[in-house]
Amino acid sequence: MDVSHLIDDLNDAQRQAVTLDDGHCLVLAGAGSGKTRVLVHRIAWLIQVEHVSPMSVLAVTFTNKAANEMRGRVEELLQIPSSGLWIGTFHGICHRILRLHSAEANLNPTFQILDSDDQYRLVRRTIREMQLDEGEFPPRVVQGFINARKDDGVRPDHIEHHGNPLTMQMVEIYRIYQGACERSGLVDFAELMLRTVELLRDNPNRLRHYQDRFSHVMIDEFQDTNTLQYALVKLLAGGARTRVFVVGDDDQSIYGWRGAKVENVQHFVNDFKPEIVRLEQNYRSTQTILEAANRVIDHNEDRMGKNLWTEGEQGDPVRVFSAYNEDEEAEFIVGRIQDWLESGRKPSEVGVLYRSNAQSRLFEQALLRADIPYRVYGGLRFFERAEVRDALGYLRLVHNPLDDAAFERVVNVPARGIGERTVAGLREAARAQDISLWDATRRQLAAGNLTGRARNALGAFVELIEMLRAEAGETDLGGIMGRIIKRSDLIQHYLAREPADRAEARQENLDELVRAAENFDQSMEDEQAGLSQTASFLTQAALEAGEHQGEKWQDCVQLMTLHSAKGLEFPLVFMAGMEEGLFPHQKSVEEPGRLSEERRLAYVGMTRAMEFLYLSYAESRRLHGQTMFGRPSRFVGELPPELIEDIRPQLNVSQARAPRASGGGLPSLGARVRHAKFGAGTVLTIEGQGDNARIQINFDDAGQKWLVAGYATLEPE
DNA sequence: AATATGCTAGTTTTT
DNA sequence: CTAGCATATT
C-alpha cells in the first residue's frame with residue numbers, strides 16, 4: 001500500500017513524530033508548526049501502516065472544536081469514517097465511560113450533566129439552605145473552590161482545612177452540594193472527570209479493560225491538562241503495551257489560573273521517558289514576527305526551550321503605536337483597518353486582540369462609526385442563553401422528576417404565583433422526607449397541606465408537567481420541545497417583560513431550539529449506552545454549548561481576548577492596551593509566578609500574526625471612571641529595537657498634551673511637577689477644586705501620594 | 001411580583 | 001464609568 005501521502009509533505013521533525021515506532025512521545029509543538037497535522041497524520045499512520053485497529057486509539061482534546069476538526073481531518077486522510085476510533089474532549093470521553101459503567105461509578109443510569117450556570121444556582125441554593133451569609137461565602141467563590149478541589153481529585157473528607165473555620169465551612173458546602181447532586185442524578189463538569197478517575201482507580205477490571213483496549217493514547221494541548229486529567233492519562237497508560245503520544249507547548253500555557261499545570265509537561269518527561277520531538281519550523285508568520293516573539297518569551301525561565309524559525313520572508317517590522325489616550329488608540333487601529341480594506345483585503349483577515357473583555361467596547365464603537373463589520377468573540381453561546389436554558393429546564397424536569405435544579409429553574413418561570421415562600425415550604429418538605437422537590441410537591445398537594453393560591457398554582461404546574469410527560473411518550477423530540485415552549489407560555493413571558501426586539505430574539509432562539517431538537521440525531525454510542533433520545537439531546541446541550549453568537553459566518557473583523565485567540569491566525573493582528581497594569585494585568589504582577597503566564601499570553605498573541613503585527617498602548621486611559629497614566633507594557637520593552645518601527649515615538653506626557661503646571665492654579669492631569677520632599681512626579685488624579693483639591697501624584701522615587709493642594713507646594717518641573 | 005434605587009467591584013474560559 | 005446584584009418600594 002502506498003502510504004507516501006501520509007509523510008510526503010511533512011518536515012523532518014514532523015515525520016519523526018508521525019512515524020515513531022516505539023515508546024512514548026512528547027511533541028513540543030511551537031505556534032503554527034503544524035501540530036494538528038502531526039496528530040492527524042500520526043493516527044492515520046498507526047492505522048494504515050502499523051495496522052493498529054481504530055478501536056485501539058484514543059485521542060483527547062480540550063474543546064469540541066478541536067475534536068471535530070481532528071475527526072474530520074482523520075476521515076479525510078483515511079477516506080473512511082473514523083468508526084471505532086475514540087476522538088473527543090476529556091469531558092466527552094469521561095462522560096462516555098461513565099454512561100457505560102454507571103453502576104460501578106455509583107451513578108444513576110439516567111444521570112444528567114449539570115453545567116456551570118446550574119451548578120452556580122445549586123451552590124447558591126445550598127449556601128442559602130445552610131443559612132450562611134452570601135457575603136462571607138460568595139457562591140462564585142464557593143463554586144470555584146469546589147471545582148478546584150475536584151480538579152485536584154479531592155473529596156470533602158480529604159481536604160486539609162488546618163482547622164480554618166472558613167475552609168471547614170466551604171468543605172461542608174461541598175459535601176452538601178454533592179449530596180444534592182447525587183439525589184438529583186446530576187453530575188457537574190469536574191465530576192465527570194473525577195468519577196471516571198475514581199472508577200478506574202477503584203475498579204481494576206475496568207481499568208485493565210481500557211488499558212488493554214487502548215494501545216495508543218494521544219493528548220492534544222498537553223500543557224493545559226490539570227491534575228485530574230494527568231491522573232487519567234497515567235491510569236490509562238498503566239498497561240504494558242500502551243503508548244502515549246502528547247502534543248503541547250509549554251510556552252503557550254495560559255490557563256494556569258483555572259487549574260492547568262504546565263508542570264505536567266515536565267512530569268510527563270520524568271514519568272514516561274518519552275522521545276522528545278521539537279516542532280520549531282513555523283508556517284504562519286514572517287521572520288520578524290517570530291524573532292520578536294522569540295525574544296519576548298526568552299525572558300521566561302524554566303522553559304523546555306524552543307526557537308521558532310521560518311523559511312518565509314523577513315516581512316515588515318513590528319509596529320508600535322503610542323496613543324495619547326484609549327480613543328486615539330481605537331481610532332488609529334480602525335484607520336489602519338480602513339487602509340487594509342482599501343488595499344483590497346478582507347475584514348476577516350484582521351484580529352484585534354486585547355487582555356480583557358471590557359476593552360472591546362472602544363473598538364466596537366470605532367468600527368461602528370467607520371461602518372466596518374465586526375464580530376466580538378465571547379459572550380453567551382446558543383445553549384447558554386437564558387431562554388434556551390429555561391426551555392431545556394422543562395425538558396429536564398419532564399425527563400427526570402428527580403432533577404431539583406431543573407425544578408427550581410422553571411417552577412415559577414414564567415411567573416405563575418409560586419413565590420419564594422411556597423418554594424421554601426416545598427424544600428423543607430423535600431428535605432424532611434429526603435425526596436425530590438417534585439415528589440414533595442405532589443405529596444403536599446395530595447395531603448392538602450397547601451392553602452388556596454399556592455395550591456392552585458402548584459396544581460396547575462404539576463398538571464402542566466404531567467401533561468408534557470404524557471405527550472413526551474407519544475411524540476418525537478422536536479414535538480416535545482415545541483409543546484414545552486407552547487404550553488409553558490415562555491414566549492408570552494418574555495414578550496410581556498422585555499423590550500420587543502429582545503423578546504423577538506428570544507423567540508427566534510426558541511424556534512431554533514425546536515429545529516435543533518427536530519434535527520437531532522442520536523449517536524450510535526449513545527444509543528448503545530441505552531440513552532433515550534432526550535437524554536442524549538440534553539447531554540449534548542450541556543457538553544457542547546454551541547457556536548459563539550450562533551451567527552452565520554460573515555466577513556468580519558474579529559475582536560477577541562488574547563485567550564480566545566489561541567489556536568487562531570490572522571494576516572493582520574493588533575494587540576491593543578499594551579500597558580503595565582492592563583497587560584500584564586495588575587493582579588498577575590502582584591502574584592508571584594503569574595507574570596510568566598502573562599508573558600506567554602503575549603507570545604500567544606504575537607504568534608497569531610501572519611504578515612503584520614501592531615502593538616499599541618495609550619499614555620492615558622480612563623479606567624473605572626478615573627484617568628490613569630500608565631507606562632508601556634514591559635513586553636513592549638522586551639522587543640528588540642531593530643525589529644520595531646515606532647509609529648509615534650513616545651512623548652513625555654507633559655510635552656504631549658498637558659500644559660505645564662502654572663503657579664497658583666491647579667496642575668493639569670498628567671503634568672510633571674516637583675515637590676520639595678518627594679521630588680519629581682506625574683499628576684495622576686485631581687479631586688475637588690481650589691485649595692481643597694486632593695491631588696494624586698506618582699512620584700518617580702517616592703511612589704504614589706495623595707496631597708492637598710492648599711498645603712503642598714508644587715512647582716512645575 | 002414587578003419595578004426603582006443604591007451599592008460595589010472591576011482578568012483571562014472550557015467543559 | 002457601568003453592569004450586575006441586593007435591597008427597598010409600590
Side-chain angles (χ1 to χ4, degrees), chain A residues 60-67 88-95 113-120 124 128 133-135 138-141 144 147 150-151 187-194 196 221 224-226 228-229 253-260 326 353-362 377-381 383-384 412-422 453 457 493 496-498 539-546 548 560-567 577 581-591 594 597-598 600-602 604-605 621-628:
Chain A
V60 193
T61 64
F62 275 87
T63 65
N64 291 299
K65 195 175 154 206
T89 62
F90 271 105
H91 294 86
I93 300 281
C94 288
H95 169 255
I113 297 170
L114 190 72
D115 71 20
S116 347
D117 184 43
D118 280 315
Q119 182 190 36
Y120 172 79
R124 189 177 57 186
R128 287 179 183 170
D133 176 12
E134 282 178 65
R140 261 310 147 218
V141 173
N147 288 335
K150 289 190 177 192
D151 284 343
V187 173
D188 62 48
F189 288 129
E191 187 75 17
L192 285 171
M193 296 278 326
L194 181 49
T196 305
E221 304 276 17
D224 289 338
T225 51
N226 63 29
L228 214 41
Q229 287 154 346
S253 163
I254 55 175
Y255 286 115
W257 51 273
R258 67 173 200 213
E326 73 276 19
L353 315 183
Y354 35 79
R355 175 64 232 264
S356 69
N357 287 305
Q359 290 168 260
S360 74
R361 268 182 99 203
L362 288 158
Y377 274 63
L380 293 184
R381 291 170 304 169
F383 283 107
E384 291 168 345
N412 202 32
V413 176
R416 46 171 72 87
I418 303 173
E420 186 48 39
R421 286 185 64 100
T422 309
R453 216 168 17 175
H493 165 72
R497 229 177 42 139
E498 299 183 321
T539 297
Q540 207 194 52
L543 235 36
E544 301 184 42
H548 268 300
M560 68 188 78
T561 62
L562 287 154
H563 282 89
S564 314
K566 196 173 127 191
L582 204 59
F583 184 40
H585 196 276
Q586 192 56 42
K587 298 212 163 145
S588 302
V589 178
E590 286 160 3
E591 280 177 60
R594 297 278 292 277
E597 185 158 303
E598 294 283 299
R600 294 195 287 266
L601 196 53
V604 166
R621 177 180 297 274
R622 297 195 64 143
L623 209 62
H624 312 324
Q626 278 197 325
T627 303
M628 309 289 282

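Chain A is the first sequence line, chain B the second, and so forth, proteins listed ahead of strands; every chain is numbered from 1. Every value quoted in this text rests on a predicted model; they were computed, and no experiment measured them. Any value given below was found using the heavy atoms of this structure, including those in side chains, with hydrogens, waters and symmetry copies removed.
- Here N412(A) lies in heavy-atom contact (under 4.0 Å) with sugar-phosphate atoms only.
- Remark: the S116(A) side chain and the dT15(B) base include a donor-acceptor N/O pair separated by less than 3.5 Å.
- By the 5.5 angstrom centroid cut-off and the 30-degree plane limit, W257(A) is classified as stacked against the base of dT12(B).
- A salt bridge links R600(A) to E597(A): one of the charged nitrogens lies within less than 4.0 Å of a carboxylate oxygen.
- Side-chain atoms of R258(A) lie closest to dT14(B) of the nucleotides dT11(B), dT14(B), dA1(B).
- No contact: D115(A) has no heavy atom under 4.0 Å from any strand.
- When distances are taken from the side chain of H91(A) to each of dT11(B), dG10(B), dT15(B), the shortest belongs to dT15(B).
- Rounded to whole Å, atom C1' of dT14(B) lies 12 Å from atom CD1 of I254(A).
- Nucleic acid contact class of F583(A) (heavy atoms, under 4.0 Å, all strands): none.
- Within the 4.0 angstrom heavy-atom criterion, only backbone atoms of the sugar-phosphate kind lie near E134(A); the bases stay farther away.
- Aromatic stacking of H563(A) on dT12(B): not satisfied for centres closer than 5.5 Å together with planes under 30 degrees.
- Scanning atom types as modelled, one donor and one acceptor separated by under 3.5 angstrom connect the side chain of R594(A) and the base of dT11(B).
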